[in-house]
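First comes the structure, then the notes that go with it.
What you are looking at is a predicted structure, and each value in this text was computed from that prediction instead of being measured.
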Amino acid sequence: MIRDIPTEERPMEKLMACGARSLSDSELLANVIRTGTRDRSAIELSQALVREYGGLKNLSCMSVNELTRNRGIGKTRACQLVAAFELGRRAKRPENVTGKRIGGSSELIEFFKYEFVDDEVERAIVVHLSSSGTIMSWQTISVGILNASLIHPREVFKQAVREAAMSIILLHNHPSGNSEPSAEDFLITRRLFETGQLLGIALLDHIIVAGDAHYSFRRAGRLPDSGGIK
C-alpha cells in the first residue's frame with residue numbers, strides 16, 4: 001500500500017520534489033488515479049493497467065466503459081484517466097486556426113493532424129476559407145465508415161453557404177495507415193467538386209491523413225486547377 005512506501009518515493013511527493021519527467025508511466029497514472037482500493041494501492045492499479053494494455057498509447061485510446069472492466073477502476077477513476085489523456089492530446093493542438101492563411105496541404109495538416117490522433121474510425125472535417133484563403137471555421141461532419149451516402153454534399157456545404165465561404169477543403173483519416181484513396185474516396189471527391197461548381201464554392205482539396213502520411217487530391221493532380229493551394 002502507499003503508506004508502506006517511503007514518503008519521498010510516493011507518486012505525489014516524488015512529482016513535487018523531482019518533477020513529472022522523473023516519474024515512471026505507472027507513477028504518473030497513480031497521480032491521476034490518486035487513491036487505491038482496499039487491497040491495491042494507486043501504483044499497483046496503475047501498474048496493472050499498463051501491463052493490461054501494453055503501455056500508455058493503447059491505454060490512452062480506451063473509453064470509460066472499457067476501463068471500468070478492470071478490477072479497481074470504477075467510473076470516477078476511468079473518467080479521470082480519459083480526461084487526462086484527452087487534455088494531453090488537446091495540449092498539442094494549435095490554439096486557434098481561425099484567421100490563419102493556409103499556404104499548402106502540409107501546413108494544413110500541421111493544424112489538424114491532432115484531430116485524428118488515435119481515431120479508430122474514419123472522421124471527416126470540412127474547413128471553410130475566405131476569398132483571401134484564411135480559415136473562417138471548421139467542423140466535423142461525419143464519424144464512422146466514410147461513404148458517399150454519409151458524406152452528402154448538402155451537409156458538406158451547408159455551413160459554407162451560411163458563412164459565405166469562397167472555398168472548402170475536406171480532410172478525412174484512414175485509421176488503417178494507408179493513405180491511398182479508395183474508389184469511394186474518388187466518388188466523394190468528384191461529387192463534392194461538381195456540387196461546389198454549382199454553388200460557386202470551390203473544393204480546393206481533399207486530403208487523406210494516415211498517421212504521418214497523407215494524400216492530397218490537389219497535389220496528385222486529381223482535381224481540376226482552380227488556383228487553390230498546392
Side-chain angles (χ1 to χ4, degrees), residues 1-97 109-125 138-146 150 171-179 208-214:
M1 304 299 285
I2 287 289
R3 63 175 175 269
D4 299 322
I5 301 173
T7 301
E8 66 276 8
E9 291 298 318
R10 295 175 185 176
M12 187 171 71
E13 285 77 4
K14 187 174 179 180
L15 187 151
M16 290 189 293
C18 305
R21 292 191 178 184
S22 68
L23 274 64
S24 68
D25 292 348
S26 297
E27 289 171 330
L28 287 170
L29 286 175
N31 272 286
V32 176
I33 292 175
R34 295 183 60 192
T35 59
T37 62
R38 185 173 300 177
D39 60 339
R40 291 203 291 182
S41 68
I43 289 181
E44 290 170 329
L45 286 174
S46 300
Q47 290 170 338
L49 286 172
V50 172
R51 286 195 303 271
E52 175 67 22
Y53 296 104
L56 292 183
K57 182 173 175 59
N58 292 334
L59 180 59
S60 70
C61 300
M62 296 299 108
S63 67
V64 169
N65 287 338
E66 288 169 324
L67 289 172
T68 54
R69 295 169 189 162
N70 295 273
R71 185 166 66 91
I73 305 297
K75 288 183 179 180
T76 298
R77 291 191 179 101
C79 286
Q80 289 169 335
L81 289 168
V82 169
F85 284 124
E86 181 60 21
L87 282 171
R89 279 188 284 267
R90 293 189 185 191
K92 295 179 180 179
R93 296 175 182 170
E95 285 298 317
N96 187 11
V97 298
I109 290 168
E110 279 302 307
F111 288 132
F112 288 97
K113 65 181 180 181
Y114 291 108
E115 293 297 322
F116 299 115
V117 170
D118 298 329
D119 272 356
E120 297 181 351
V121 297
E122 291 193 30
R123 189 150 62 99
I125 290 173
W138 62 275
Q139 65 178 152
T140 296
I141 59 165
S142 175
V143 178
I145 297 173
L146 212 66
L150 291 177
L171 300 96
H172 88 271
N173 62 322
H174 278 182
S176 65
N178 181 5
S179 62
I208 299 170
V209 180
D212 293 328
H214 74 274

>> Are Pro175 and Asn173 packed together at the side-chain level, in the sense that at least one heavy-atom pair is separated by less than 4.5 angstrom?
In response: yes
Sorted by chain and number, sequence neighbours left out, side chain to side chain donor-acceptor pair (under 3.5 Å) with Asp25 holds for none
Smallest heavy-atom separation, Pro11 atom then Ala30 atom, equals CG-CB, 3.9 Å
So CG of Asn31 and CD of Glu13: to nearest 0.5 Å the spacing works out to 9.0 Å
- prompt: Heavy atoms, side chains only, cut-off 4.5 Å: are Phe85 and Val32 in contact?
  reply: no
So OG of Ser26 and CZ of Arg51: to nearest 0.5 Å the spacing works out to 8.0 Å
Leu28 and Ala20 have their tightest heavy-atom pair at CD2-O, 3.7 Å
| task | Find out whether Val209 and His174 are in side-chain contact, i.e. whether some heavy atom of one side chain is under 4.5 Å from a heavy atom of the other. | result | no
OG1 of Thr68 to CG of Leu81, rounded to nearest 0.5 Å, is 11.0 Å
To the nearest 0.5 Å, atom CG of Leu15 lies from atom CZ of Arg10 at 15.0 Å
Given side chains that start at C-beta, do those of Ser46 and Ile33 come closer than 4.5 Å, heavy atoms only?
yes
Is any side-chain heavy atom of Arg34 closer than 4.5 Å to a side-chain heavy atom of Met12? no
query: Does Trp138 reach the side chain of Leu171, with side-chain heavy atoms less than 4.5 Å apart?
result: no
Correct closest heavy-atom pair for Val64 and Cys79 would be CG2-SG, 4.0 Å
Starting from the C-alpha separation in whole Å, work towards a yes-or-no answer on side chain to side chain contact (heavy atoms under 4.5 Å, CB included) for Met62 and Val82. CA-CA 7 Å; Met62 296 299 108; Val82 169; over 6 Å; no
Between the CG atom in Leu23 and the NZ atom in Lys14, the distance rounded to the nearest 0.5 Å is 5.5 Å
- Is the backbone of Ala48 close enough, under 3.5 Å, to the side chain of Arg40 for a donor and an acceptor to pair up by distance? no
Practice task
Please test Ile208 against His214 for side chain to side chain contact (heavy atoms under 4.5 Å, CB included), starting from the C-alpha separation and ending with a verdict.
Solution key: CA-CA 5 Å; Ile208 299 170; His214 74 274; over 6 Å; no
* Does Thr37 reach the side chain of Arg77, with side-chain heavy atoms less than 4.5 Å apart? -> yes
Smallest heavy-atom separation, Cys61 atom then Lys57 atom, equals SG-O, 3.4 Å
Tightest non-hydrogen contact, residues Leu45 and Thr35, listed as CD1-O, 4.1 Å
message = Between Asn58 and Tyr53 (side chain of the first, backbone of the second, donor and acceptor by atom type, cut-off under 3.5 Å), is there such a pair?
response = yes
When rounded to the nearest 0.5 Å, the distance separating CG of Leu29 from CG of Leu56 is 5.5 Å
Exercise for review: Report yes if some heavy atom in the side chain of Gln139 is under 4.5 Å from a heavy atom in the side chain of Ile141; otherwise report no.
Suggested key: yes
- Query: Would Glu66 and Ile73 count as a side chain to side chain contact (heavy atoms under 4.5 Å, CB included) if you check the C-alpha gap in whole Å, the side-chain angles of each, and the deciding distance to 0.1 Å?
  - Reply: CA-CA 10 Å; Glu66 288 169 324; Ile73 305 297; over 6 Å; no
